[in-house]
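Step one of this worksheet: look at the structure below.
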Amino acid sequence: MSSNFLEIKLGPFWVLAEAEGKKLVGVSFFHKKESSSVSGVNVPGVNKDEITHPSPILERLQEDLINYWRGEKIDFSDYPLRLDNCSPFAKKVWRLTRKIPYGEVRSYKWVAEKIHTKGYRAVGAALARNLFPIIIPCHRVVREDGSLGGYSPGLKIKRKLLEREGSYLF
DNA sequence: TGCGGAATTTGCG
DNA sequence: CGCAAATTCCGCA
């Protein structure tokens with residue numbers, strides 16, 4: 001099974017998405033100058049697969065990301081994702097996080113309680129392993145006191161995403 | 001408001 | 001098995 005890639009610039013950030021067949025395999029932010037990778041696969045600038053076998057899901061994603069950055073309330077919750085060897089706990093956290101509506105935020109504690117655990121920090125740890133930023137909107141999970149909390153791709157990005165969604169920030 | 005410490009759960013080495 | 005982590009809560013200045 002060959003992979004297809006999409007590189008797209010959202011404001012100051014570059015986003016790389018990889019798909020295999022009808023499913024997304026990973027999404028990541030990267031610096032254009034550096035060599036990037038998703039799931040350990042080195043990414044070529046352009047490859048033949050991309051040209052001869054355009055991926056419908058990536059074309060749709062490109063469209064959605066562009067409109068998302070324009071400020072439209074895009075819903076990414078129905079994109080099929082490949083979640084092969086992820087822990088059951090992480091899947092629970094991600095499944096719930098996907099349901100947080102555009103423009104709204106929830107706390108790590110809220111997520112933890114919804115899945116009946118006191119492991120607030122474990123929730124953060126699971127979100128830190130999110131392979132699909134934006135698609136699984138982990139940027140909408142913040143601290144109970146309203147402060148930002150963490151974000152693996154970088155807090156500047158988290159702040160910017162929330163700002164574009166019109167969320168109230170501290 | 002802010003800092004230190006304890007409680008908690010998960011996953012990686 | 002030990003430890004760090006995208007947290008939270010509580011006490012105390």
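Below, chains carry the letters A, B, ... as their sequence lines are ordered, and counting in each starts from 1. Just so we're clear, the structure is a prediction, and the values are computed from it rather than from any experiment.
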key: Value rounded to 0.5 Å, distance of CG in L61(A) from OG in S55(A)   = 9.0 Å

task = Can you establish whether the number of heavy atoms outside K9(A) located under 6.0 Å from its atom NZ is more than 12?
result = yes

key: Reading 5' to 3' through nucleotides 7-13 of chain B, protein heavy-atom contacts under 4.0 Å coded B for base, S for sugar-phosphate only, - for none   = BSBSS--

task = Any pair with a residue in residues 58-73 of chain A that passes salt bridge (charged side-chain N to carboxylate O under 4.0 Å, His left out), sequence neighbours left out, goes on the list, sorted by first then second residue, please.
result = R60(A)-D64(A), R60(A)-D78(A)

K92(A) side chain vs I115(A) backbone, donor-acceptor pair below 3.5 Å = no

inquiry  = With a 4.5 Å cut-off on side-chain heavy atoms, are I134(A) and F29(A) touching?
reply    = yes

task = Not counting sequence neighbours, list each pair that qualifies as a side chain to side chain donor-acceptor pair (under 3.5 Å) and has a residue in residues 94-106 of chain A.
result = E104(A)-R106(A)

task = Assess the side chains of Y120(A) and E144(A): does a donor N or O sit below 3.5 Å from an acceptor N or O?
result = no

ask   = Can you tell me how far NE2 of H31(A) sits from CH2 of W14(A), rounded to the nearest 0.5 angstrom?
value = 13.0 Å

inquiry  = Working note: R82(A) + D84(A), criterion salt bridge (Lys or Arg N to Asp or Glu O under 4.0 Å); need CA distance, chi angles, decisive distance, verdict.
reply    = CA-CA 6 Å; R82(A) 199 183 72 186; D84(A) 286 353; 3.3 Å; yes

message = Please determine whether a side-chain nitrogen of the Lys or Arg among R140(A) and E165(A) lies less than 4.0 Å from a carboxylate oxygen of the Asp or Glu.
response = yes

ask   = Would you say the ring centroid of F76(A) lies under 6.0 angstrom from that of Y68(A)?
value = yes

ask   = Which heavy atom of G150(A) sits nearest a heavy atom of Y108(A), and at what distance?
value = N-OH, 3.3 Å

query = Where does DNA chain C pair, written as one dot-bracket string 5' to 3', with Watson-Crick or G-U pairs under 3.5 Å, ( ) inside the strand, [ ] for crossing pairs and | for another strand?
reply = |||||.|||||||

request  = Residues of residues 94-107 of chain A with any non-hydrogen atom less than 4.0 angstrom from an atom of DNA chain C: list those, numerically ordered, please.
outcome  = S107(A)

remark   = Bounded by its outermost nucleotides with an atom under 4.0 Å from a heavy atom of chain A, the footprint on DNA chain C reads dA5(C) to dC9(C)

